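What follows is a short report on a single structure.
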Amino acid sequence: MKTVRVSASKNYDVIIDNGIIDRAGELSAKVIKPCHAAILTDDTVNGLYRDRLVGSLRGAGFETEVFVIEHGEQSKSDLNYIKFLNFMASKHITRSDCVFALGGGVVGDLAGFAAATYLRGIGFIQIPTTLLAMVDSSVGGKTAIDLEAGKNLVGAFYQPSLVLCDPETLSTLSPEIFSDGCAEVIKYGIINDRALFDRLKNPIMPQIEDIIENCVRNKRDIVDLDEKDNGVRQLLNLGHTAAHAIEQCSGFEISHGKAVAMGMVIISKAAAAMGLCPEEDYEEIRRLIEEYSLPTTCPYSASRLAQIAAVDKKRTGGSINLIIPYGIGNSKIYPVPVLQVESIFEMGL
Ligand code: NAD
Ligand code: GLY
(Lines give C-alpha, C1' and ligand atoms only; values in the text may rest on other atoms or scores of the structure.)
(Ligands and ions follow the chains in the order given, each with its own letter.)
Protein backbone atom coordinates (compact mmCIF):
# COMPACT_ATOMS: atom_id res chain seq x y z
CA MET A 1 0.00 0.00 0.00
CA LYS A 2 1.28 3.45 -0.91
CA THR A 3 -0.06 6.75 0.41
CA VAL A 4 0.54 10.23 -0.96
CA ARG A 5 -0.67 13.17 1.15
CA VAL A 6 -1.98 16.22 -0.74
CA SER A 7 -1.87 19.54 1.12
CA ALA A 8 -4.05 21.95 -0.79
CA SER A 9 -7.06 23.94 0.48
CA LYS A 10 -8.06 20.54 1.85
CA ASN A 11 -5.56 17.92 3.04
CA TYR A 12 -6.25 14.39 1.87
CA ASP A 13 -4.64 11.05 1.10
CA VAL A 14 -4.33 9.29 -2.23
CA ILE A 15 -4.06 5.60 -1.32
CA ILE A 16 -2.87 3.08 -3.91
CA ASP A 17 -3.36 -0.63 -3.24
CA ASN A 18 -4.56 -3.75 -5.03
CA GLY A 19 -8.09 -4.70 -3.98
CA ILE A 20 -8.65 -1.41 -2.15
CA ILE A 21 -12.22 -1.14 -3.53
CA ASP A 22 -13.20 -3.80 -1.01
CA ARG A 23 -11.90 -1.57 1.79
CA ALA A 24 -13.51 1.63 0.47
CA GLY A 25 -16.13 1.62 3.23
CA GLU A 26 -13.66 1.22 6.09
CA LEU A 27 -11.22 3.81 4.64
CA SER A 28 -13.96 6.32 3.78
CA ALA A 29 -15.38 6.03 7.29
CA LYS A 30 -12.03 7.36 8.57
CA VAL A 31 -12.52 10.68 6.72
CA ILE A 32 -16.32 11.04 6.67
CA LYS A 33 -18.89 9.81 9.15
CA PRO A 34 -20.88 6.96 7.51
CA CYS A 35 -23.71 8.71 5.69
CA HIS A 36 -25.91 8.58 2.62
CA ALA A 37 -23.56 7.95 -0.34
CA ALA A 38 -24.49 9.08 -3.86
CA ILE A 39 -22.35 6.96 -6.16
CA LEU A 40 -21.86 8.18 -9.73
CA THR A 41 -20.54 5.65 -12.23
CA ASP A 42 -20.85 4.80 -15.92
CA ASP A 43 -22.55 1.83 -17.55
CA THR A 44 -19.29 -0.07 -18.11
CA VAL A 45 -17.80 0.38 -14.65
CA ASN A 46 -21.21 -0.21 -13.08
CA GLY A 47 -21.22 -3.80 -14.31
CA LEU A 48 -17.64 -4.39 -13.18
CA TYR A 49 -17.19 -2.74 -9.77
CA ARG A 50 -20.48 -1.35 -8.44
CA ASP A 51 -21.36 -4.37 -6.30
CA ARG A 52 -17.96 -4.44 -4.62
CA LEU A 53 -18.10 -0.72 -3.79
CA VAL A 54 -21.70 -0.85 -2.60
CA GLY A 55 -20.98 -3.96 -0.50
CA SER A 56 -17.96 -2.34 1.12
CA LEU A 57 -19.74 0.95 1.85
CA ARG A 58 -22.80 -0.78 3.29
CA GLY A 59 -20.58 -2.99 5.41
CA ALA A 60 -19.12 0.17 6.96
CA GLY A 61 -22.53 1.70 7.68
CA PHE A 62 -23.13 3.85 4.58
CA GLU A 63 -26.51 3.93 2.88
CA THR A 64 -25.99 3.89 -0.92
CA GLU A 65 -27.69 5.24 -4.04
CA VAL A 66 -26.23 4.65 -7.50
CA PHE A 67 -26.65 6.91 -10.54
CA VAL A 68 -25.37 5.45 -13.83
CA ILE A 69 -24.43 7.51 -16.90
CA GLU A 70 -23.55 6.25 -20.36
CA HIS A 71 -19.79 5.84 -20.79
CA GLY A 72 -17.93 8.41 -22.89
CA GLU A 73 -17.05 12.09 -23.01
CA GLN A 74 -20.51 13.08 -24.29
CA SER A 75 -21.81 12.23 -20.81
CA LYS A 76 -19.81 15.01 -19.13
CA SER A 77 -22.74 17.24 -20.01
CA ASP A 78 -25.00 19.92 -18.55
CA LEU A 79 -27.91 17.49 -18.95
CA ASN A 80 -26.31 14.72 -16.86
CA TYR A 81 -25.14 17.28 -14.32
CA ILE A 82 -28.72 18.49 -13.74
CA LYS A 83 -30.05 14.90 -13.78
CA PHE A 84 -27.56 13.85 -11.12
CA LEU A 85 -28.38 16.88 -8.93
CA ASN A 86 -32.09 16.08 -9.22
CA PHE A 87 -31.34 12.43 -8.42
CA MET A 88 -29.53 13.48 -5.24
CA ALA A 89 -32.37 15.79 -4.26
CA SER A 90 -34.92 13.02 -4.87
CA LYS A 91 -32.91 10.70 -2.59
CA HIS A 92 -32.72 13.39 0.11
CA ILE A 93 -28.95 13.66 0.03
CA THR A 94 -28.04 16.31 2.61
CA ARG A 95 -25.06 18.50 3.50
CA SER A 96 -23.51 15.83 5.69
CA ASP A 97 -23.64 13.26 2.86
CA CYS A 98 -21.08 12.36 0.22
CA VAL A 99 -20.65 11.82 -3.52
CA PHE A 100 -18.49 8.87 -4.61
CA ALA A 101 -17.03 8.91 -8.14
CA LEU A 102 -16.44 5.35 -9.37
CA GLY A 103 -14.93 5.41 -12.85
CA GLY A 104 -12.64 7.30 -15.17
CA GLY A 105 -12.06 11.01 -15.62
CA VAL A 106 -15.50 11.61 -17.10
CA VAL A 107 -17.25 10.28 -14.00
CA GLY A 108 -14.74 11.98 -11.68
CA ASP A 109 -15.03 15.42 -13.29
CA LEU A 110 -18.85 15.33 -13.40
CA ALA A 111 -19.26 13.88 -9.90
CA GLY A 112 -16.79 16.42 -8.50
CA PHE A 113 -18.61 19.37 -10.06
CA ALA A 114 -21.93 18.07 -8.74
CA ALA A 115 -20.42 17.59 -5.26
CA ALA A 116 -18.94 21.11 -5.40
CA THR A 117 -22.25 22.75 -6.22
CA TYR A 118 -25.02 20.61 -4.69
CA LEU A 119 -26.11 22.40 -1.49
CA ARG A 120 -23.03 24.63 -2.08
CA GLY A 121 -20.72 21.68 -1.55
CA ILE A 122 -20.91 18.23 0.02
CA GLY A 123 -18.37 15.48 0.71
CA PHE A 124 -16.56 13.94 -2.26
CA ILE A 125 -14.48 10.77 -2.63
CA GLN A 126 -12.75 9.64 -5.82
CA ILE A 127 -12.34 5.98 -6.77
CA PRO A 128 -10.61 6.20 -10.16
CA THR A 129 -10.66 3.09 -12.36
CA THR A 130 -8.65 4.23 -15.40
CA LEU A 131 -4.91 4.88 -15.45
CA LEU A 132 -5.56 8.45 -16.58
CA ALA A 133 -7.90 9.09 -13.67
CA MET A 134 -5.47 7.52 -11.16
CA VAL A 135 -2.44 9.52 -12.24
CA ASP A 136 -4.13 12.78 -13.14
CA SER A 137 -7.82 13.65 -13.03
CA SER A 138 -8.71 12.31 -9.56
CA VAL A 139 -5.97 14.35 -7.88
CA GLY A 140 -5.83 18.12 -7.59
CA GLY A 141 -9.46 19.17 -7.48
CA LYS A 142 -10.24 20.23 -11.04
CA THR A 143 -13.87 19.34 -11.73
CA ALA A 144 -15.86 20.21 -14.83
CA ILE A 145 -18.51 19.60 -17.41
CA ASP A 146 -18.35 20.35 -21.14
CA LEU A 147 -20.41 22.83 -23.13
CA GLU A 148 -21.14 22.71 -26.86
CA ALA A 149 -18.62 25.53 -27.19
CA GLY A 150 -15.84 23.42 -25.71
CA LYS A 151 -14.51 21.02 -23.10
CA ASN A 152 -14.41 21.76 -19.38
CA LEU A 153 -15.86 25.24 -19.82
CA VAL A 154 -17.85 25.06 -16.59
CA GLY A 155 -16.24 23.80 -13.41
CA ALA A 156 -14.84 24.41 -9.97
CA PHE A 157 -11.73 23.72 -7.97
CA TYR A 158 -13.05 21.25 -5.42
CA GLN A 159 -10.73 18.86 -3.65
CA PRO A 160 -11.88 15.36 -2.69
CA SER A 161 -11.58 14.11 0.89
CA LEU A 162 -9.93 10.87 -0.23
CA VAL A 163 -8.73 9.17 -3.41
CA LEU A 164 -8.59 5.35 -3.55
CA CYS A 165 -6.67 3.85 -6.51
CA ASP A 166 -7.02 0.13 -7.07
CA PRO A 167 -4.45 -0.87 -9.74
CA GLU A 168 -6.21 -4.25 -10.14
CA THR A 169 -9.12 -2.44 -11.83
CA LEU A 170 -6.74 -1.61 -14.68
CA SER A 171 -6.85 -5.29 -15.72
CA THR A 172 -10.32 -4.83 -17.24
CA LEU A 173 -9.37 -1.76 -19.31
CA SER A 174 -9.00 -2.16 -23.06
CA PRO A 175 -5.40 -1.69 -24.25
CA GLU A 176 -6.58 1.48 -26.04
CA ILE A 177 -7.88 3.12 -22.87
CA PHE A 178 -4.89 1.94 -20.88
CA SER A 179 -2.57 3.60 -23.38
CA ASP A 180 -4.56 6.86 -23.06
CA GLY A 181 -3.42 6.94 -19.44
CA CYS A 182 0.14 6.19 -20.52
CA ALA A 183 0.14 9.51 -22.43
CA GLU A 184 -0.40 11.40 -19.16
CA VAL A 185 2.27 9.28 -17.44
CA ILE A 186 4.79 10.14 -20.20
CA LYS A 187 3.74 13.79 -19.78
CA TYR A 188 5.03 13.87 -16.17
CA GLY A 189 8.38 12.55 -17.38
CA ILE A 190 8.72 15.23 -20.04
CA ILE A 191 7.64 18.01 -17.67
CA ASN A 192 10.16 17.52 -14.88
CA ASP A 193 11.07 13.89 -14.26
CA ARG A 194 13.73 12.43 -16.52
CA ALA A 195 14.07 9.37 -14.24
CA LEU A 196 10.37 8.54 -14.69
CA PHE A 197 10.70 8.99 -18.46
CA ASP A 198 13.58 6.49 -18.49
CA ARG A 199 11.70 3.97 -16.30
CA LEU A 200 8.95 3.96 -18.90
CA LYS A 201 11.34 2.36 -21.38
CA ASN A 202 10.82 -0.85 -19.34
CA PRO A 203 7.44 -2.64 -19.35
CA ILE A 204 4.99 -0.58 -17.32
CA MET A 205 2.73 -3.27 -15.80
CA PRO A 206 5.30 -4.88 -13.47
CA GLN A 207 5.97 -1.42 -11.96
CA ILE A 208 2.45 0.02 -12.20
CA GLU A 209 1.94 0.74 -8.49
CA ASP A 210 5.26 2.59 -8.28
CA ILE A 211 4.51 4.49 -11.48
CA ILE A 212 1.09 5.60 -10.21
CA GLU A 213 2.65 6.73 -6.93
CA ASN A 214 5.44 8.56 -8.79
CA CYS A 215 2.92 10.44 -10.98
CA VAL A 216 0.64 11.28 -8.05
CA ARG A 217 3.64 12.64 -6.11
CA ASN A 218 4.62 14.78 -9.11
CA LYS A 219 1.10 16.14 -9.43
CA ARG A 220 0.83 16.65 -5.66
CA ASP A 221 4.05 18.69 -5.61
CA ILE A 222 2.66 20.99 -8.30
CA VAL A 223 -0.86 21.29 -6.84
CA ASP A 224 0.53 22.02 -3.36
CA LEU A 225 2.36 25.01 -4.87
CA ASP A 226 -0.36 26.30 -7.17
CA GLU A 227 -3.80 24.82 -6.55
CA LYS A 228 -5.66 27.44 -8.57
CA ASP A 229 -3.60 27.12 -11.75
CA ASN A 230 -2.11 30.61 -11.77
CA GLY A 231 1.48 29.53 -12.30
CA VAL A 232 3.43 26.30 -12.10
CA ARG A 233 0.31 24.07 -12.40
CA GLN A 234 0.07 25.19 -16.02
CA LEU A 235 3.03 22.89 -16.71
CA LEU A 236 0.52 20.03 -16.50
CA ASN A 237 -0.97 21.40 -19.71
CA LEU A 238 2.02 20.18 -21.73
CA GLY A 239 0.62 19.22 -25.14
CA HIS A 240 -2.90 20.17 -24.05
CA THR A 241 -3.45 23.35 -26.10
CA ALA A 242 -3.12 21.35 -29.31
CA ALA A 243 -4.80 18.32 -27.68
CA HIS A 244 -8.01 20.15 -26.78
CA ALA A 245 -8.20 21.51 -30.33
CA ILE A 246 -7.61 17.99 -31.74
CA GLU A 247 -10.36 16.51 -29.56
CA GLN A 248 -12.76 19.22 -30.66
CA CYS A 249 -11.88 18.91 -34.38
CA SER A 250 -12.57 15.17 -34.16
CA GLY A 251 -15.96 15.70 -32.50
CA PHE A 252 -14.40 13.87 -29.50
CA GLU A 253 -13.82 10.73 -31.60
CA ILE A 254 -10.12 11.09 -30.70
CA SER A 255 -9.74 10.41 -26.98
CA HIS A 256 -8.10 12.84 -24.56
CA GLY A 257 -5.05 10.59 -24.07
CA LYS A 258 -4.42 10.16 -27.80
CA ALA A 259 -4.89 13.87 -28.39
CA VAL A 260 -2.38 14.61 -25.60
CA ALA A 261 0.10 12.23 -27.23
CA MET A 262 -0.25 14.09 -30.56
CA GLY A 263 -0.08 17.44 -28.78
CA MET A 264 3.15 16.50 -26.97
CA VAL A 265 4.76 15.45 -30.26
CA ILE A 266 3.65 18.71 -31.94
CA ILE A 267 5.03 20.94 -29.19
CA SER A 268 8.29 18.97 -28.81
CA LYS A 269 8.92 19.01 -32.56
CA ALA A 270 8.14 22.75 -32.66
CA ALA A 271 10.46 23.33 -29.67
CA ALA A 272 13.24 21.49 -31.52
CA ALA A 273 12.58 23.53 -34.68
CA MET A 274 12.77 26.75 -32.63
CA GLY A 275 16.13 25.63 -31.24
CA LEU A 276 14.73 25.38 -27.70
CA CYS A 277 14.80 21.58 -27.32
CA PRO A 278 17.63 19.28 -28.46
CA GLU A 279 16.55 17.37 -31.60
CA GLU A 280 17.56 14.05 -29.94
CA ASP A 281 15.20 14.73 -27.01
CA TYR A 282 12.33 15.35 -29.43
CA GLU A 283 13.17 12.06 -31.20
CA GLU A 284 13.27 10.21 -27.86
CA ILE A 285 9.87 11.64 -26.88
CA ARG A 286 8.33 10.61 -30.21
CA ARG A 287 9.80 7.10 -29.93
CA LEU A 288 8.50 6.53 -26.37
CA ILE A 289 5.03 7.74 -27.36
CA GLU A 290 5.09 5.31 -30.31
CA GLU A 291 6.21 2.46 -28.05
CA TYR A 292 3.04 2.97 -26.00
CA SER A 293 0.91 2.51 -29.15
CA LEU A 294 -0.06 6.18 -29.08
CA PRO A 295 -0.40 8.30 -32.23
CA THR A 296 2.39 10.69 -33.20
CA THR A 297 0.83 12.38 -36.22
CA CYS A 298 -2.13 14.73 -36.28
CA PRO A 299 -4.78 14.75 -39.03
CA TYR A 300 -5.66 18.45 -38.69
CA SER A 301 -4.00 21.58 -40.08
CA ALA A 302 -2.15 24.13 -37.96
CA SER A 303 -4.69 26.79 -38.89
CA ARG A 304 -7.67 24.70 -37.67
CA LEU A 305 -5.91 23.88 -34.42
CA ALA A 306 -4.85 27.50 -33.90
CA GLN A 307 -8.38 28.78 -34.54
CA ILE A 308 -9.69 26.60 -31.73
CA ALA A 309 -6.73 27.37 -29.45
CA ALA A 310 -7.55 31.07 -29.86
CA VAL A 311 -10.74 30.56 -27.83
CA ASP A 312 -9.14 28.11 -25.38
CA LYS A 313 -9.88 28.88 -21.74
CA LYS A 314 -6.13 29.03 -21.09
CA ARG A 315 -5.95 32.24 -23.15
CA THR A 316 -5.38 35.45 -21.20
CA GLY A 317 -5.97 38.62 -23.22
CA GLY A 318 -3.96 38.45 -26.44
CA SER A 319 -1.60 35.71 -25.32
CA ILE A 320 -1.59 32.06 -24.49
CA ASN A 321 0.80 30.11 -22.27
CA LEU A 322 2.23 27.18 -24.19
CA ILE A 323 4.33 24.63 -22.30
CA ILE A 324 7.62 24.03 -24.05
CA PRO A 325 10.02 21.14 -23.34
CA TYR A 326 13.54 22.55 -23.26
CA GLY A 327 14.61 18.91 -22.95
CA ILE A 328 13.17 15.79 -21.33
CA GLY A 329 12.41 16.64 -17.69
CA ASN A 330 12.76 20.39 -18.21
CA SER A 331 9.57 22.06 -19.43
CA LYS A 332 8.73 25.72 -18.98
CA ILE A 333 5.81 28.08 -19.45
CA TYR A 334 6.23 29.99 -22.72
CA PRO A 335 3.78 32.86 -23.27
CA VAL A 336 3.12 33.61 -26.95
CA PRO A 337 0.82 36.05 -28.74
CA VAL A 338 -2.28 34.17 -29.93
CA LEU A 339 -1.41 35.16 -33.50
CA GLN A 340 1.88 33.23 -33.27
CA VAL A 341 0.30 29.93 -32.21
CA GLU A 342 -0.46 28.82 -35.79
CA SER A 343 3.15 29.16 -36.91
CA ILE A 344 4.36 27.23 -33.84
CA PHE A 345 1.88 24.39 -34.53
CA GLU A 346 2.97 24.46 -38.19
CA MET A 347 6.57 23.77 -37.10
CA GLY A 348 5.32 20.80 -35.03
CA LEU A 349 3.20 19.10 -37.69
P1 NAD B 1 -13.40 7.89 -19.30
O2 NAD B 1 -13.83 8.28 -17.97
O3 NAD B 1 -14.30 8.19 -20.46
O4 NAD B 1 -13.05 6.34 -19.29
C5 NAD B 1 -12.66 5.73 -20.49
C6 NAD B 1 -13.46 4.47 -20.74
O7 NAD B 1 -12.99 3.46 -19.85
C8 NAD B 1 -14.96 4.58 -20.50
O9 NAD B 1 -15.61 3.96 -21.57
C10 NAD B 1 -15.18 3.82 -19.20
O11 NAD B 1 -16.44 3.21 -19.15
C12 NAD B 1 -14.09 2.78 -19.27
N13 NAD B 1 -13.60 2.29 -17.98
C14 NAD B 1 -13.29 3.01 -16.89
N15 NAD B 1 -12.74 2.22 -15.96
C16 NAD B 1 -12.73 0.97 -16.47
C17 NAD B 1 -12.23 -0.28 -15.99
N18 NAD B 1 -11.58 -0.37 -14.84
N19 NAD B 1 -12.40 -1.36 -16.78
C20 NAD B 1 -12.98 -1.25 -18.00
N21 NAD B 1 -13.43 -0.09 -18.51
C22 NAD B 1 -13.29 1.00 -17.75
O23 NAD B 1 -11.98 8.55 -19.71
P24 NAD B 1 -10.65 8.84 -18.92
O25 NAD B 1 -9.58 8.68 -19.95
O26 NAD B 1 -10.54 8.12 -17.66
O27 NAD B 1 -10.80 10.39 -18.55
C28 NAD B 1 -10.92 11.38 -19.54
C29 NAD B 1 -11.60 12.57 -18.96
O30 NAD B 1 -10.81 13.08 -17.88
C31 NAD B 1 -11.80 13.72 -19.92
O32 NAD B 1 -13.08 14.25 -19.77
C33 NAD B 1 -10.76 14.75 -19.48
O34 NAD B 1 -11.14 16.07 -19.79
C35 NAD B 1 -10.72 14.49 -18.01
N36 NAD B 1 -9.49 14.92 -17.34
C37 NAD B 1 -9.62 15.66 -16.21
C38 NAD B 1 -8.49 16.06 -15.53
C39 NAD B 1 -8.63 16.82 -14.23
O40 NAD B 1 -7.62 17.29 -13.70
N41 NAD B 1 -9.82 16.93 -13.69
C42 NAD B 1 -7.22 15.69 -15.98
C43 NAD B 1 -7.13 14.92 -17.14
C44 NAD B 1 -8.27 14.54 -17.82
N1 GLY C 1 -4.70 17.93 -15.61
C2 GLY C 1 -4.30 19.28 -15.45
C3 GLY C 1 -4.40 19.78 -14.06
O4 GLY C 1 -4.84 19.09 -13.17
O5 GLY C 1 -4.05 20.89 -13.83
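Only heavy atoms go into these numbers, but all of them, side chains included; no hydrogens, no water, no symmetry mates. Quick caveat, the model's predicted, so the values are computed rather than measured. Both counts, for ligands and for their atoms, begin at 1 and track the order of listing.
In this structure, Glu284 pairs ionically with Lys201, as a charged nitrogen and a carboxylate oxygen lie closer than 4.0 Å. With salt bridges taken as basic N to acidic carboxylate O contacts below 4.0 Å, none links Arg217 and Asp221. In summary, Asp180 and Lys258 engage in a salt bridge, as defined by a charged side-chain N under 4.0 Å from a carboxylate O.
Side-chain contact of Glu184 with His256: a donor-acceptor pair under 3.5 Å is present, judged by distance alone. Side-chain atoms of Arg286 and Ser268 form no donor-acceptor pair, as typed in the model, at a separation below 3.5 Å.
Between the side chain of Asn152 and the backbone N or O of Ala144, no donor-acceptor pair lies under 3.5 Å.
Ile125 places a side-chain heavy atom less than 4.5 Å from the side chain of Val31. Residues Tyr334 and Leu276 are in side-chain contact: their nearest non-hydrogen atoms beyond the backbone lie under 4.5 Å apart.
When heavy-atom distances to ligand 1 are checked against 4.0 Å, the residues falling inside are Asp42, Thr44, Val45, Leu48, Tyr49, His71, Glu73, Lys76, Gly104, Gly105, Val106, Asp109, Thr129, Thr130, Leu132, Asp136, Ser137, Lys142, Lys151, Asn152, Thr169, Thr172, Leu173, Ile177, Lys219, His256, ordered by chain and number. Residue-level contacts of ligand 2 at the 4.0 Å heavy-atom threshold are Asp136, Lys142, Lys219, Arg233, Leu236.
Taking the six-membered ring where the residue is Trp, Phe87 and Phe84 present parallel rings, their angle staying beneath 30° rather than reaching 60°.
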